[in-house]
**Q** 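Take a look at the following structure, please.
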Amino acid sequence: LENVTGLDRVRELGARESGLAVVFTTRADGTGQASIVNAGVVDHPVTGEPVVAFVARGEVKKLTNLRARPRLTLVFRSGWEWVAVEGETDLAGPDHPLAGFEPRGVPRLLRDVYAAAVGGTEEDWAELDEAMATERQTAVLVRPDRVYSNPRS
Amino acid sequence: VASLDRVRELVVREHGLAVVTTQRADGSMPASVVNAGVLDHPVTGEPVVAFVARGGTRKLANLRARPRATVVFRVGWEWVAVEGTAELVGPDDPFAGFDSGAVPKLLRDVFVAAGGTHDDWNEYDRVMTAERRTAVLVRPDRVYSNPG
């Protein structure tokens, strides 16, 4: 899939499932560690390009994996329909400064990611700023380099 | 603690739909969606997570070179992941101790374990053979779910 078409598909399937996606990061031994996140499409806060993003709590294994091996695979599925996104990752959060991005912009970015993934507006999420900070929540931004789907679609 | 019983439960609720990832030579992880279920390994008898893969796919090429897979079953927010060594049993993948004449029966068993039903098993066998379908058996060494 062309990336633009593919990200439209991500938006479409994501909207049907509250942004639920399976994410695979890579352990040091090369095996794939799975978890579930709410993800959506936002503009990269530095480059402006569309990226697939989700929020990770401070000390989870997937962040450990991504610090060492900054690449992942995400799959959005609704019934039989699915779309996979692979790409390199940038982290932006209280413990993960992103070059060119002001740390004080983190709360706004986290709100934008939640709004893109789960729904609602950026303002709706503002009341959770404190909880997000306490949990050292970090935005994971995936720059898509492979987007694909069912062979027959 | 997550277990294969949990896998069986989610299989029933979501037609066995599962996201599976393998590994490319460069270490990146291609993903796809399959119908998978739990059945007894045809040689060892241990419970495994199994699905059917079409012949000639990159998934099979990856699994022949790097025989390991992660399979994730999800229903809404609930999920369970199974990781393990993948064994292949099919027309292009003979398996020690398994009679190749029994491959069609195994492919039927995998289909049924994933919640499938078929009106015409002879037709099913014919399509499986024509597409050189192969059973992928994942011997679980890690089974896990939501942290909470």
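Sequence lines set the chain letters: A, B, ... in the order given, protein chains first and strands last, and positions in each chain run from 1. Worth saying up front: this structure is predicted, and the values here are computed from it rather than measured.
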**Q** Heavy-atom pairs under 4.5 Å with chain B are the metric here; pick the option from L74(A), V60(A), L20(A) that has the most.
**A** L20(A)

**Q** Applying a strict under-4.5 Å side-chain criterion to I, L, V, M, F, W and Y, I'd like to know whether L141(A) and L66(A) cluster together.
**A** no

**Q** Mind ranking T57(B), V71(B), V72(B) by heavy-atom pairs under 4.5 Å with chain A and telling me who comes out on top?
**A** V72(B)

**Q** Does atom NE2 (H15(B)) have a neighbourhood of more than 12 heavy atoms from anything else shown, all under 6.0 Å?
**A** no

**Q** What is the minimum heavy-atom distance between G79(A) and L17(B), and which atoms define it?
**A** O-CD1, 3.4 Å

**Q** Determine yes or no for a side-chain-to-main-chain donor-acceptor pair under 3.5 angstrom, with R74(B) supplying the side chain and R77(A) the backbone.
**A** yes

**Q** Which answer fits T31(A), side chain, backbone, both or neither, if we ask what part of it has an atom under 4.5 Å from a heavy atom of chain B?
**A** both

**Q** Looking at every heavy atom in both E83(B) and G32(A), which two are closest together, and how far apart are they?
**A** OE2-O, 3.1 Å

**Q** Examine F54(A) and V83(A) and state if one hydrophobic cluster contains both, with Ile, Leu, Val, Met, Phe, Trp and Tyr joined whenever side-chain heavy atoms are less than 4.5 Å apart.
**A** yes

**Q** If you count the non-hydrogen atoms of other residues, nucleotides and ligands that lie under 6.0 Å from CZ in R67(A), is the total more than 12?
**A** yes

**Q** Output the distance between atom CD (Q23(B)) and atom CZ (F24(A)), rounded to the nearest 0.5 Å.
**A** 12.0 Å

**Q** According to a 4.5 Å side-chain heavy-atom criterion applied to Ile, Leu, Val, Met, Phe, Trp and Tyr, with indirect links allowed, do V46(A) and V142(A) form part of one hydrophobic cluster?
**A** no

**Q** In terms of hydrophobic clustering (I, L, V, M, F, W, Y; side-chain heavy atoms under 4.5 Å; direct or indirect links), are V7(B) and V52(B) co-clustered?
**A** no

**Q** May I ask you to list the residues in residues 29-41 of chain B that approach chain A closer than 4.5 angstrom, counting heavy atoms only, ordered by number?
**A** M29(B), P30(B), A31(B), S32(B), V33(B), N35(B)

**Q** Under 6.0 Å from the CD atom of E127(A), do we count more than 12 heavy atoms belonging to anything else shown?
**A** no

**Q** If hydrophobic clusters are built by linking Ile, Leu, Val, Met, Phe, Trp and Tyr wherever their side-chain heavy atoms come under 4.5 Å apart, do V37(A) and L72(A) end up in the same one?
**A** yes

**Q** Looking at A34(A), A84(A), S18(A), G30(A), which makes the most heavy-atom pairs under 4.5 Å with chain B?
**A** A34(A)

**Q** Using a 6.0 Å cut-off, check whether atom CG of D29(A) has over 12 heavy atoms from anything other than its own residue.
**A** yes

**Q** With sequence neighbours excluded, tell me which residues meet ring pair (Phe, Tyr, Trp, His ring centres under 6.0 Å) with Y114(A).
**A** W125(A)

**Q** Under a 4.5 Å heavy-atom cut-off, does chain B meet the side chain of R69(A), its backbone, both or neither?
**A** neither

**Q** Are I36(A) and W77(B) close enough that some pair of their side-chain heavy atoms sits under 4.5 Å apart?
**A** no

**Q** Between R142(B) and chain A, with a heavy-atom cut-off of 4.5 Å, which part of the residue counts as in contact: side chain, backbone, both or neither?
**A** side chain

**Q** Can you tell me if CD on E123(B) sees more than 12 non-hydrogen neighbours from other groups inside 6.0 Å?
**A** yes

**Q** Pick from R27(A), E17(A), Q33(A): which one has the most heavy-atom pairs with chain B under 4.5 Å?
**A** R27(A)

